[in-house]
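Predicted model, so just to flag it, every value in this text is computed and none were measured.
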Amino acid sequence: MLFSSLYGYFKQTVMQLRGNRGMMNDNLDELSFDELVRRVRACTICADVLPQGPRPVVQLSEASRILVVGQAPGRRVHETGLPFNDPSGDRLRQWMGVSRDTFYDEQKMAILPMGFCYPGTGKSGDLPPRPECADAWREALLKRLPNIGLTLVIGQYAHAWHLPGGARSVTENVRNWEHYWPVVVPMPHPSPRNNMWLRRNPWFEEDVVPALRNRISELLSEDDES
């Protein structure tokens, strides 16, 4: 029930915002790539509701081959400015079969969470990503990533945006991963808080992770050969 309400709130709020875009979005397509990224990293649209202030954390290049879509930075990522610089990132890199150097090479990996700033902590963990962020920047940024061959869609809020018409639960979406293959892979969040889910769904690490690693290796090998 909680998942459905959070998922529905995020999706409905973003859709409402899309229908009421402000002037700040009107000319994004006219900006150079570097200027667009500079504006994203200087964004303060949620400053009044972020408990530790804005610090957008993104990684991307027009050459990026793989897109990693998470939820929002946690406290440690907010402090360091490095995406997935935490235990969740360690597990994600293990699933992907890549080193830290490869993961943080923007020529290879773009990292665009659904919310670019740390949203704060609630009773049961980090708060949801702010929906204003996706509305303001997401479509303009995705248009500037023409070389993406694989998108990792991680967690319920990323599923809500990137899997239109998908199932309403993370488990169902991930079970249907072959429906989106080989350009998109729905994934659970790699957080230690998800250890119980992984124990209950061993098929993810048995079936999905090996295929994911092979696909990533193929894409990175193509880059090395070019």
Side-chain angles (χ1 to χ4, degrees), residues 10-11 13-50 52-74 77-85 89 92 96 98 101-119 128-155 157-164 183-185 216 219-220 222-223 226:
F10 182 80
K11 196 165 188 177
T13 303
V14 171
M15 292 303 292
Q16 289 173 345
L17 287 167
R18 284 185 189 175
N20 296 280
R21 291 182 182 273
M23 291 298 291
M24 66 169 290
N25 290 337
D26 289 349
N27 66 344
L28 294 185
D29 290 343
E30 300 173 8
L31 299 177
S32 70
F33 177 81
D34 289 344
E35 176 61 17
L36 175 61
V37 174
R38 187 196 67 77
R39 290 197 186 188
V40 167
R41 288 180 169 147
C43 179
T44 60
I45 59 175
C46 296
D48 59 338
V49 293
L50 296 172
Q52 295 193 18
R55 187 181 189 180
V57 179
V58 299
Q59 172 181 302
L60 70 162
S61 161
E62 291 174 295
S64 301
R65 295 289 284 135
I66 296 165
L67 172 61
V68 178
V69 180
Q71 308 279 72
V77 172
H78 175 83
E79 292 171 352
T80 64
L82 196 62
F84 281 104
N85 186 32
L92 176 60
M96 297 172 69
V98 300
D101 286 345
T102 296
F103 187 79
Y104 290 119
D105 184 345
E106 66 181 17
Q107 300 297 309
K108 295 180 172 68
M109 306 277 176
I111 304 174
L112 295 178
M114 293 309 304
F116 298 156
C117 295
Y118 171 55
R130 295 297 310 178
E132 298 91 341
C133 189
D135 174 68
W137 304 112
R138 195 155 201 84
E139 289 182 357
L141 288 169
L142 292 176
K143 289 178 183 178
R144 305 299 184 92
L145 299 174
N147 295 308
I148 297 297
L150 175 67
T151 300
L152 280 56
V153 184
I154 301 170
Y157 299 102
H159 287 200
W161 176 282
H162 284 270
L163 304 178
V183 295
V184 173
V185 179
I216 289 173
L219 290 169
L220 296 182
E222 290 174 6
D223 278 356
S226 60

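- Across all non-hydrogen atoms, the minimal contact from Thr44 to Pro54 is CG2-CG, 4.0 Å.
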Q: Decide yes or no on side chain to side chain contact (heavy atoms under 4.5 Å, CB included) for Arg41 and Val58, but give the supporting numbers first.
A: CA-CA 8 Å; Arg41 288 180 169 147; Val58 299; 3.7 Å; yes
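- The side-chain heavy atoms of Leu60 and Arg144, taken from C-beta on, include no pair separated by under 4.5 Å.
- Checked options Leu36, Asp29, Leu28; the residue passing with Lys143 is Asp29 (criterion: side chain to side chain contact (heavy atoms under 4.5 Å, CB included)).
- Classified by interplanar angle (parallel below 30°, tilted 30° to 60°, perpendicular above 60°), the ring pair Phe103/Phe84 is perpendicular.
- Cys117 and Arg55 make their closest contact through SG-N, 3.3 Å (heavy atoms, listed as atom of the first residue, atom of the second, distance).
- Across all their heavy atoms, Val77 and Pro83 have their closest contact at CG1-CA, 3.8 Å.
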(Q) Run the side chain to side chain contact (heavy atoms under 4.5 Å, CB included) test on Arg130 and Ile45 for me, step by step, so that the C-alpha distance in whole Å, both residues' side-chain angles and the decisive distance to 0.1 Å come before the verdict. (A) CA-CA 10 Å; Arg130 295 297 310 178; Ile45 59 175; over 6 Å; no
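- Note that the CG atom of Leu142 and the CD1 atom of Ile148 stand 8.5 Å from one another [nearest 0.5 Å].
- Residue Gln71 comes nearest to Pro129 through the heavy atom pair O-CB, 3.5 Å, listed as atom of the first residue, atom of the second, then distance.
- Closest heavy-atom contact between His159 and Val153: NE2-O, 3.2 Å.
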Q | Worked verdict on His162 versus Val184 for side chain to side chain contact (heavy atoms under 4.5 Å, CB included) | A | CA-CA 9 Å; His162 284 270; Val184 173; 5.8 Å; no
Q: Run the numbers on Val98 and Met109 for side chain to side chain contact (heavy atoms under 4.5 Å, CB included), then give the verdict.
A: CA-CA 11 Å; Val98 300; Met109 306 277 176; 4.1 Å; yes
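- For the atom pair CG (Leu67) and CD (Gln59), the distance works out to 10.5 Å, reported to the nearest 0.5 Å.
- A salt bridge links Arg39 with Glu35: the closest approach of a Lys/Arg side-chain nitrogen to an acidic carboxylate oxygen falls below 4.0 angstrom.
- In this structure, the separation between CD on Glu62 and OG on Ser64 is 9.0 Å, given to the nearest 0.5 Å.
- Between the Arg65 side chain and the Gln107 main chain, no donor and acceptor come within less than 3.5 Å of each other.
- Across all non-hydrogen atoms, the minimal contact from Pro73 to Val57 is CG-CB, 4.1 Å.
- Remark: Met114 CE to Arg138 CZ distance equals 4.0 Å, nearest 0.5 Å.
- The distance from atom CH2 of Trp137 to atom CG of Leu112, rounded to the nearest 0.5 Å, is 12.5 Å.
- Atom-to-atom distance recorded for Ile111:CD1 and Leu82:CG is 7.5 Å, nearest 0.5 angstrom.
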